[in-house]
Amino acid sequence: MKTHDFRSDTVTLPTPAMMAAIAHARLGDAARGDDPTVNELEALGRELTGKDDALFVPSGAMANLAALMAHEVRGGEVIVESGAHIYNSEGGGLSVVAGGVARPVTGEQGVLDADAVRQAIRGAADLALAPTRLICLENSHNASGGRVMTLAQMAAIRVVARQAGLPLHLDGARLFNAAAYLDVPITHLCEHADSVWFALCKGLGCPVGALLAGEREFMQRARRAVRMLGGGMRQAGLIAAPALVALRDPYPVHRRDHALAAELARGLAAIDGSLVDAGTVQTNIVNCFVDRFAEDAGAIAAALRERGVLANHKASKIRFVTHSQVDEADVAAALAAMAAVLDRPARKKG
Ligand SMILES: Cc1ncc(COP(=O)(O)O)c(C=O)c1O
């Protein structure tokens, strides 16, 4: 049986062009600055983000952690959106390793409000409080179904951060998805952050890695933090090479993923209007709520799996993520499986 894998945009396998680039990559000791392929990728990272320096790191969680350490959050608070990945899904590294205290603020569909951020900031005058050290944003926002913060929303929070003398960190695991949705280059989003990283192994389809970028002194501290965390890599050109392939023309790939997600969302809404509000789907994540049909989404996800459709589930939500290795036929298969599992007619395409 063919599987249709919507669990995450991390499940992609390297394309033939990526495999060819891996085979021909020029290599050296990256931790010594000797790997020409990594150096080329980091130069491209500087150009794409518009920052002084960029560093190739093994994972997004390490990029976040190194950024927290380089922003010196130990003993202070870090303002995060309450559904943020850095707060909920990184093993508590924010506190355990970086020594910060998370200060969650609930946004509207993952989008923080500038006034709410202003109110959450704590100064150093009151000795009973842990002063705010950093504000974190996530764009697009994973848990909210890939929702995008606009440039204006980011700019408003940057103003609040500047007024309070605080740095702003951007978790850009899906930065290209946000940029493709807003129809701007990622540089425009990076302008509103002091530090930023984007994943290479999600919508871009590479096997491993992320690029963390920021201004020079921050990046010196971040480079040290990455070494401390065990992220110093050697012949890492092997995994940097596919990233150079993926970054040649990333926006159309993401737009295609978004179109597939929109098609999936419309189809699910046609099966039953309670499953998805198709108008809220902006990028490549479709959160499908099955409360009307089951107390827990696990049984429905298991029934989908029996029909070859793989998707993550949590509480009453099934999450479908589109990526470069699913296509219209996979979307049609997912819709047919969902209609069969819920015993509903599937929507005719058109
Ligand atoms: C928003 C967000 N931030 C950070 C991460 C962590 O990235 P990685 O899996 O590369 O460690 C993820 C992973 O899915 C994510 O979705």
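Just follow the structure's listing: the first ligand is 1, and inside any ligand the first atom is 1.
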### Task
Apply ring-ring contact (aromatic ring centres under 6.0 Å, His included) to F289 and list each qualifying residue two or more places apart in sequence or on a separate chain.
none

Between ligand 1 and the protein, which N/O pairs fall short of 3.5 Å?
residue	atom	partner	partner atom	Å
ligand 1	3 (N)	D171	OD1	3.2
ligand 1	3 (N)	D171	OD2	2.7
ligand 1	7 (O)	K202	NZ	3.1
ligand 1	10 (O)	G60	N	2.8
ligand 1	10 (O)	K202	NZ	3.2
ligand 1	11 (O)	G60	N	3.3
ligand 1	11 (O)	A61	N	2.8
ligand 1	16 (O)	N142	ND2	2.9
ligand 1	16 (O)	R174	NH1	2.8

#### Entry: Within the 6.0 Å centroid threshold, strictly below: F218 and H71
yes

### Query
Does one side chain, of N64 or H169, offer a donor that lies under 3.5 Å from an acceptor on the other?
yes

Check residues 13-32 and write down every donor-acceptor pair under 3.5 Å in which the side-chain atom is one partner and the other belongs to a residue at least two apart or another chain.
residue	atom	partner	partner atom	Å
T15	OG1	M18	N	3.2
H24	ND1	A20	O	2.8
D29	OD1	A31	N	3.2
D29	OD1	R234	NH1	3.2
D29	OD2	R32	NE	2.8
D29	OD2	R234	NH1	3.3

#### Entry: Salt bridge D194-R158, side-chain N to carboxylate O under 4.0 Å
yes

### Residues which pass side chain to side chain contact (heavy atoms under 4.5 Å, CB included) with A240, listed by chain and number, not counting sequence neighbours
T37, V38, L41, F56

